[in-house]
Amino acid sequence: MRSLDTWINNKRSRETPVKKIEINDIRKERVDTPPPVKKSGRRENNVPIGNVGYVIENKGNGGVEPGGVYILLSADYDPQNEKVYLKFYDINREKIVLWYDVTGHRPYAYSKEDPEALRNHPEIIKLAEKIIDLRREKKHDTINDVEIEVTKIIVKDPLVIGGTRSSLREKITLWEADIKYYANYIFDMGFQVGGYYTLESADSIPKPLDIKDPPEIKKYIEKIDDPEIKRWIKILSMDIPNYKRIALDIEVYNPPGIMPQVEDPKYPIFMASLRGSDGLKKVIVHDLRNEIKEDKLKHDDFEIEIVKSEEELIKRVLEIVQEYPIVITFNGDKFDLPYIRKRGELLGIPNISGLIKLGRNDARVSWGIHIDLYELFKNISIKTYAFSNAYDIVSLDTVARALLGKGKVSMDKTFQEATMEEILKYSYVDAELTYELTEFNHNLVMRLVTMISRIANMTIDDVCRLSISNWIKNRLIYEHRRHNYLIPLPQEIAGKGGRKHLEPITKGKKYVGAIVIEPVPGIHFNVHVVDFASLYPSIMKEFNISYETVNCPHVRCRENKVPGSTTWICTQRKGLISEFVGAIRDVRVLVFKKLARDKGLPIEKRKFYEVAQGSLKVFINAMYGVIGAETFPFYYLPAAEAITLLGRYAITTSIEKAREKGLEVIYGDTDSLFIKNPDPQRLKEFMGEIEKKLRLKLEIDKIYRYVVLSNRKKNYFGVLTDGGIDVKGLLGKKSSTPPFIKNIFYEVLEILKGINSYEEFNQAKEKIQDIIVNAEKKLRAGEVPLEELAISVTLSKPLRAYTKTTPQHVKAARKLERVLGIEVQPGTIIRIIKTKDRDGAAPLELVKSIREVDTNKYVELLKSTLEQILEVLDIDLEKLRIDREYRSLDKFFNF
DNA sequence: AACTGTGGCTTGCTTG
DNA sequence: CAAGCAAGCCACAGTT
């Protein structure tokens with residue numbers, strides 16, 4: 001880690017090292033006298049109550065200290081004091097400090113009525129007491145590209161604008177009325193979440209610290225002219241500290257088979273495990289069966305603390321976690337934290353409601369920040385882009401196995417049956433894994449959420465709980481504010497007009513997507529795959545795609561048509577969305593991707609830049625998707641279609657050009673071309689010409705030693721020049737395929753991997769035949785365990801939502817509920833076995849004997865899975881059919 | 001009334 | 001986000 005002192009470019013800090021700055025006298029004086037409390041506000045002990053610039057000092061929560069070095073991580077609104085407060089991480093004291101607004105900033109929204117009209121409006125009159133001001137303001141109307149005058153309605157509290165049934169936004173048309181107040185505050189004040197700040201005096205506004213650029217970054221900043229890009233480089237290259245944090249996990253003494261419910265917390269908490277970044281490893285236990293003997297108290301892996309009651313346990317846990325600014329849980333939003341609070345309330349623990357704050361779907365802690373890893377890992381962008389689908393089900397066990405290579409301690413006994421010692425171990429490992437998920441790979445997860453906070457300019461709490469479309473929305477709102485643009489209503493964007501030009505290929509879709517080239521079936525050697533480097537984001541950048549620039553109001557732009565449509569694109573103004581994609585794309589490609597691969601840098605730094613470029617990639621990849629999603633506030637169908645139309649144009653133009661040059665295109669999908677055995681010179685020329693013509697860069701993505709194509713699109717496999725194997729779309733790869741068949745599939749692939757020429761295929765055929773004949777024998781002889789035959793299918797809706805058809809997994813799930821009383825929710829993976837009964841399938845749990853299995857179905861499934869690779873290799877499965885004796889054996893089992 | 005074949009449709013999973 | 005695949009459901013028509 002580089003030392004902070006060396007790169008904080010603050011004069012005062014350099015003269016006197018940061019850590020030694022003395023506490024300002026003013027602050028000391030103030031902290032001794034508690035700040036005045038508003039009459040309406042109730043005061044409880046230990047509850048931080050804000051006033052001007054500082055808070056009451058309590059455990060784990062310090063007041064803002066002038067001269068300190070802070071990172072802005074979060075914010076919230078305090079309704080009692082009617083102020084926004086910011087949560088800063090103090091990097092020296094390793095605490096969260098709260099800073100309450102000192103500017104008198106108030107909530108507001110905009111109306112297009114003039115102030116006079118509004119003053120006479122009955123709804124405004126009704127709320128007159130709570131309205132502070134109606135002020136005329138100039139804003140830029142992005143859709144019509146003109147300056148307009150709007151009225152800023154400034155109010156006393158955010159609920160006047162929105163959040164209740166009687167709020168103003170429910171009564172009259174308002175603009176910018178659904179932005180969270182604390183987010184508004186951050187935008188208006190120009191705060192950068194994840195940025196460094198200091199405070200000059202207790203009641204001043206936090207001032208950005210000018211951070212000295214690391215030497216490797218300097219080179220880039222000097223080279224780049226665009227101030228916008230420079231700003232991005234600076235923000236994203238600032239160091240992220242190893243946050244002091246603690247993982248928490250509780251155990252509830254519930255009867256066998258009954259899950260503890262937050263709504264009805266009737267069973268006691270008897271154990272809590274803690275794992276801190278400072279090395280704390282502790283399990284606190286209320287030994288309700290009195291079985292832990294003094295001599296057993298020692299444990300190699302963690303410290304055991306025995307308490308006499310549940311009340312003592314909760315108090316002790318709260319005492320410890322308050323020492324940590326960041327609390328990590330796995331499912332703490334919906335379980336651990338609300339459960340602790342509710343049990344605490346039942347036991348009459350004072351002030352627990354001030355420490356754990358429950359939202360509708362989340363739980364926050366007053367002295368710091370709570371990160372629920374379950375919510376984070378569930379996030380589809382985190383799952384697919386950041387962790388490339390390394391885990392599929394989101395549970396502590398599966399995520400830890402995938403990312404840490406180790407899982408939970410298995411426990412097949414109930415708490416009643418297990419010894420305390422066993423439960424201790426089990427419980428501790430949960431906290432340990434939870435902590436390690438934030439620490440592995442150089443604190444990747446903590447760095448990732450901070451980096452995303454910076455890009456979205458969104459609080460860490462929100463980043464961990466909201467989806468990518470919210471991250472992007474947040475950043476775009478901020479960009480509107482920076483440009484003084486009024487944010488249009490979704491219906492205004494939709495009302496711009498413009499039309500759809502091509503019917504979607506798939507029924508029920510809103511607009512056309514990409515082109516997939518008809519594959520040439522066969523085995524092809526030496527295939528070069530060229531593709532457009534991030535095609536859709538590049539199109540968005542290069543062709544100025546944004547909701548306001550597609551079908552813009554300028555007459556002279558109407559000539560600038562998207563090929564094959566009447567849609568035109570603005571040539572006068574840069575689109576906001578286009579600008580944002582362009583900037584983060586450039587920053588990623590020109591700076592952070594290079595730094596992440598710079599072998600001259602120490603591994604720690606490279607890992608850091610890897611997180612930066614990876615976070616940027618998450619945003620870049622999602623930009624096209626959100627503009628085509630109706631739920632996105634800047635959704636505009638003609639803009640989404642313009643992107644795909646330009647993509648179609650790029651790929652068709654490239655195919656034509658390639659064929660003109662005598663290059664053989666055998667397949668392609670969306671942004672790629674598979675070129676068979678190309679002449680290197682011609683390939684190079686071709687790529688250059690395309691880039692010149694389309695302003696889109698083509699690159700060689702990979703080279704296959706050989707690739708096997710069938711007549712199916714999105715279905716192929718290939719062996720790369722380095723021996724690696726690519727399997728795309730084939731049945732054998734699908735998560736629903738039974739393990740037994742999957743294994744056979746991969747065994748066959750393993751054989752194909754070594755092949756270099758046509759001749760070698762014939763030898764491989766023999767081996768493959770053996771494998772298949774054996775597999776079928778095993779199946780028919782009933783030698784395959786049921787587990788290996790299970791077909792795993794996700795239940796994606798609640799059971800009652802399947803009204804049109806009843807698929808097999810839904811039938812099975814209903815049976816599970818009826819017969820075993822197992823609760824199934826959306827997201828549950830149902831494992832079914834194909835059976836010979838009327839339904840044709842049953843849940844794995846209810847199949848008792850191998851004799852119920854419909855062997856023929858499995859042979860069929862094996863056949864269709866393997867056929868996808870074998871038909872091209874000219875291996876005829878029918879010829880491999882097993883001798884009559886096995887068929888008769890099968891018959892024997894049937895009767 | 002029971003069976004068979006067909007095609008449209010639903011569902012889930014993958015590719016880019 | 002759309003394109004595309006496999007598998008099964010289900011209504012319907014035609015046959016037995």
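So that the names make sense, note that chain A is the first sequence line, chain B the second, and so on, each numbered from 1. Values below: every heavy atom of this structure, side chains too, minus hydrogens, waters and symmetry copies.
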Determine the minimum heavy-atom distance between Leu663(A) and Pro678(A), stating which atoms define it. CD2-CB, 3.9 Å
Any residue of residues 508-522 of chain A with a heavy atom less than 4.0 Å from an atom of DNA chain C: Lys509(A), Lys510(A), Tyr511(A), Val512(A), Gly513(A), Ala514(A), Val516(A)
Residues touching DNA chain C, which here means a heavy atom under 4.0 Å, drawn from residues 626-636 of chain A: Gly628(A), Ala629(A)
In this structure, is the centre-to-centre distance between the rings of Tyr547(A) and Tyr636(A) below 6.0 Å? no
For [X], check side-chain contact (heavy atoms from CB on, under 4.5 Å) against everything at least two apart and list the hits.
{"X": "Pro826(A)", "result": "Pro798(A)"}
{"X": "Phe740(A)", "result": "Ile744(A), Ala775(A), Lys778(A), Leu779(A), Val784(A), Glu788(A), Leu789(A)"}
{"X": "Ser654(A)", "result": "Phe532(A), Leu673(A), Phe686(A), Ile690(A), Leu694(A)"}

Before giving the answer on salt bridge (Lys or Arg N to Asp or Glu O under 4.0 Å), spell out for Lys753(A) and Glu750(A) the whole-Å C-alpha distance, their side-chain angles and the decisive distance to 0.1 Å. CA-CA 5 Å; Lys753(A) 207 169 147 179; Glu750(A) 201 53 42; 3.7 Å; yes
Does the ring of Tyr802(A) carry Lys797(A) above it, NZ/CZ under 6.0 angstrom from centre and within 45° of its axis? yes
Does the side chain of Asn856(A) pick up a donor-acceptor pair with the side chain of Arg780(A) at under 3.5 Å? yes
When the nearest nucleotide of DNA chain C is assigned to Leu731(A) and to Gly625(A) on a heavy-atom basis, which residue is associated with the more 5' position? Gly625(A)
[X] near the nucleic acid: base, sugar-phosphate alone, or nothing, with a heavy-atom cut-off under 4.0 Å?
{"X": "Ile651(A)", "result": "nothing"}
{"X": "Thr644(A)", "result": "nothing"}
{"X": "Ile643(A)", "result": "nothing"}

Please walk me through it: do Glu375(A) and Lys378(A) pass salt bridge (Lys or Arg N to Asp or Glu O under 4.0 Å)? CA-CA 5 Å; Glu375(A) 292 295 324; Lys378(A) 218 172 60 174; 3.5 Å; yes
Nucleotide by nucleotide, nucleotides 10-16 of chain B touches protein heavy atoms under 4.0 Å in the pattern (B base, S sugar-phosphate only, - none) SSBBSBS
Once each nucleotide of nucleotides 2-7 of chain B is scored for protein heavy atoms under 4.0 Å, what B/S/- sequence comes out, 5' to 3'? ------
Show every donor-acceptor pair shorter than 3.5 Å between a side-chain atom in residues 714-725 of chain A and any protein atom, with sequence neighbours excluded, or say none if there are none.
{"residue": "Lys714(A)", "atom": "NZ", "partner": "Asp669(A)", "partner atom": "OD1", "Å": "3.4"}
{"residue": "Lys714(A)", "atom": "NZ", "partner": "Asp669(A)", "partner atom": "OD2", "Å": "2.9"}
{"residue": "Asn715(A)", "atom": "ND2", "partner": "Lys713(A)", "partner atom": "O", "Å": "3.3"}
{"residue": "Asp722(A)", "atom": "OD1", "partner": "Gly724(A)", "partner atom": "N", "Å": "2.8"}

Between CD1 on residue Ile791(A) and OG on residue Ser735(A), distance to nearest 0.5 Å: 11.5 Å
Is Glu689(A) salt-bridged to Lys693(A), cutoff N-O under 4.0 Å? no
For Arg712(A), all residues meeting salt bridge (charged side-chain N to carboxylate O under 4.0 Å, His left out), sequence neighbours excluded: Glu871(A)
Span of DNA chain C, from the first to the last nucleotide whose atoms fall under 4.0 Å of chain A heavy atoms: dC1(C) to dC10(C)
With sequence neighbours left out, what residues match Ser395(A) under side-chain hydrogen bond (donor to acceptor under 3.5 Å, both in side chains)? Thr398(A)
Contacts under 3.5 angstrom, residues 828-835 of chain A side chains, donor-acceptor by atom type, not counting sequence neighbours:
{"residue": "Thr828(A)", "atom": "OG1", "partner": "Gln825(A)", "partner atom": "N", "Å": "3.0"}
{"residue": "Thr828(A)", "atom": "OG1", "partner": "Gln825(A)", "partner atom": "O", "Å": "2.6"}
{"residue": "Lys834(A)", "atom": "NZ", "partner": "Gln808(A)", "partner atom": "OE1", "Å": "2.8"}
{"residue": "Thr835(A)", "atom": "OG1", "partner": "Asp837(A)", "partner atom": "OD1", "Å": "2.7"}
{"residue": "Thr835(A)", "atom": "OG1", "partner": "Ala841(A)", "partner atom": "N", "Å": "3.3"}

